[in-house]
Amino acid sequence: MGAFLIDLLQILFGIIIGGIIGFIIARKYMMKYIQENPPINEQMIKTMMTQMGRTPSQKQVNQMMKAMSKQMK
């Protein structure tokens, strides 16, 4: 009975450690992916502002991009 309990604890410990390591690796990968491929680019911001009835200047687009990149970090 004691050997079974030790085996069960080892399995549970392995699952917990594997889950933690998997989460850390997946989070790091996703952060790197989002930084390399931002979900919003300048063209999308221009289109969004045009749909809202505004004619965006390049300065406004740059401000929006800066705000978005600041928020991502």
Note to self: Would Arg27 and Met31 count as a side chain to side chain contact (heavy atoms under 4.5 Å, CB included) here? Give the steps.
What the structure shows: CA-CA 6 Å; Arg27 183 175 183 274; Met31 294 297 256; 4.3 Å; yes
Next item on the list: Report yes or no: do Phe4 and Phe13 belong to one cluster of Ile/Leu/Val/Met/Phe/Trp/Tyr joined by side chain heavy-atom distances under 4.5 Å?
Entry: no
Next item on the list: Could you point out which residue of Gln60, Gln58, Arg54, Gln51 forms a side chain to side chain contact (heavy atoms under 4.5 Å, CB included) with Lys46?
Entry: Gln58
Next item on the list: Please name the pair of heavy atoms, one in Asn62 and one in Glu42, separated by the smallest distance, quoted to 0.1 Å.
Entry: OD1-OE2, 4.2 Å
Notebook entry, point to check: With hydrophobic residues grouped by side-chain heavy-atom distances under 4.5 Å, do Ile24 and Ile16 end up in a single group?
Noted result: yes
Note to self: If we check side chain to side chain contact (heavy atoms under 4.5 Å, CB included) with Gln10, which of these qualifies: Leu12, Asp7, Leu8?
What the structure shows: Asp7
Note to self: For the CD1 atom of Ile20 and the CD1 atom of Ile25, what is their distance to the nearest 0.5 Å?
What the structure shows: 12.0 Å
Note to self: Pair Ile45, Ile40 - check side chain to side chain contact (heavy atoms under 4.5 Å, CB included), show working.
What the structure shows: CA-CA 7 Å; Ile45 290 174; Ile40 295 179; 3.6 Å; yes
